[in-house]
Amino acid sequence: MNTSVQRTPLDFDDLLNRCLGEVDFARRILSDFLKTTRPLLDEIGSALFNSAEEKAAFQVHRLKGTAGLVAANSLLDSLVELETLLRRTSDTTHAQISGCLTQSYQRFDEVQKFAERNLLNRPQAELSS
Amino acid sequence: MKILVVEDNPIDALVVEHALQVIGHEVTVADTAEKAMEHLRHCNYPVVISDWELPGQNGDALCQTIRERSANCYTYIIMLTSRTDKRFVINGLAAGADDYITKPFEPEELFFRIRAAERLLSLQGRDVLIFSLAKLAESRDRDTGVHLERMREYCRLLTMLLGKNPRYNEVIDADFVESIYLTSPLHDIGKVGVPDSILLKRGPLTPEQFEIMKRHTTIGGETLNTASNNYPGHHYLKMATEIAMTHHEKYNGTGYPNGLAGTEIPLCGRIVALADFYDAVTSERVYKKAYSHARACRMIRAETGSHFDPDIARVFIQHADEFNRIRTSFQKVANRTAGISKPAAKIVSPVVLGYTARAIEKKQTL
């Protein structure tokens, strides 16, 4: 029997709690997050391409904070891993880093799809209940 | 309350700002430490919530900069970080942060941390207010110099020493010591109700004038008692009332205003009576020269059991050198600031003077 619980890419209840139960405000935060995250991931990729690991690590750290804030938990896990790889430079390979960055893009895609399908376009009453 | 949020990530900043605004705070957001300092130059923010990692100067450096500047009001700093590593927490606290919250933050946690900040800031405000009030009352009598500053130091030392006597173990705890330090400057607050013609009279008072002068104890006591009744949770007001009312009572019952004797006089009143006497005797007044420390000790010894509680007088005599050290440390600071122009000296005294004297005293002890 499979006892593992399938986690959604985003825990809207958590986000809603941080927004003090205000659905419109939570949606605004989420929407801002979706708008700004892909360019940030691109910036991280470009910093890595230019061997600016320090800058990349700073951006990952920043994005990690926001992913945690909006409760995009699977993306958060992926960014935690990426930050760890970037800060532990001695035995980290480029392949590991780029693999982890790719995974972060995928996780973000999942968050975006989930949010658009389940949250951003649903009536407010359904979400607040 | 005005809160400055230092956060470079606009989404994080927006959520923190929203949470704080909902509970009625006025929030300003800065996205760098440099901009935060600019805000702090123009406006007083009792609380600063800062992200750890910022572009340019980091949160811990900002913390240090805030602590290094000279400001009249304390700034309570909360660090906001997604780093849970104890090393970072220690660094932040070492840099001068008061508290920290890990990201992602929970609004309830933020509210309670802010409430803790408010509690601490209100204590600071309370202490400043009490002392300012006492100084205001004292300001009419320009003869007293830094009497209040010395008095509270004597009271604290006397109380701490007395607390070592097993008979006072139960009564004197850290809170009692702190309360007497806080409230002893209010002992003469009732003098605001004494006319200038009596308070500032250079010669001896007539019996009628002395009767009016005596009223400062009841005026102060009754005023503070009203405040104490209105705010029963503020226990220090009860002590302030007792001190104002009883610091001229004498152990043998011949004091005023009520002729209380022995332990009928509250302990804080008995302590302040001795500290007040020692300071008055060793200070110069328009009508007399300052007596020497040795002479003051002889007078206290002679008055033991009549004017003063024998236990308190004994502790004072046993540790007389320590009281003399406090007295002389204030004198040294006063001598050092004597060359400063009057307005500047006004800025130096009274609070700085008190702290400096304490610092000198500590140095001497070491």
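Below, read A as the first sequence line, B as the second, and so on, with proteins coming before strands; counting in each chain starts at 1.
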### Query
Hey, what do you get for NZ (B:K103) to CG (A:L76), rounding to the nearest 0.5 Å?
12.0 Å
### Task
Would you indicate whether A:K64, at its atom NZ, is surrounded by more than 12 heavy atoms from other residues, nucleotides or ligands within a distance under 6.0 Å?
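Yes.
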### Query
Under a 4.5 Å heavy-atom cut-off, does chain B meet the side chain of A:Q59, its backbone, both or neither?
neither
### Task
Would you please name every residue forming a side chain to side chain contact (heavy atoms under 4.5 Å, CB included) with A:S104, sequence neighbours left out?
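Scan of A:S104 (side chain to side chain contact (heavy atoms under 4.5 Å, CB included), adjacent residues dropped) gives A:L41, A:L75, A:S78, A:L79, A:L82.
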Does anything in [range] get under 4.5 Å of chain A by heavy atoms, and if so which residues?
range: residues 9-23 of chain B; answer: B:N9, B:P10, B:I11, B:D12, B:L14, B:V15, B:H18, B:A19, B:V22
range: residues 107-120 of chain B; answer: B:P107, B:E108, B:F111
range: residues 53-60 of chain B; answer: B:E53, B:L54, B:P55

### Task
Check whether B:D8 gets within reach of chain A through its side chain, its backbone, both or neither, counting any heavy atom under 4.5 Å.
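Both backbone and side chain of B:D8 come within 4.5 Å of chain A.
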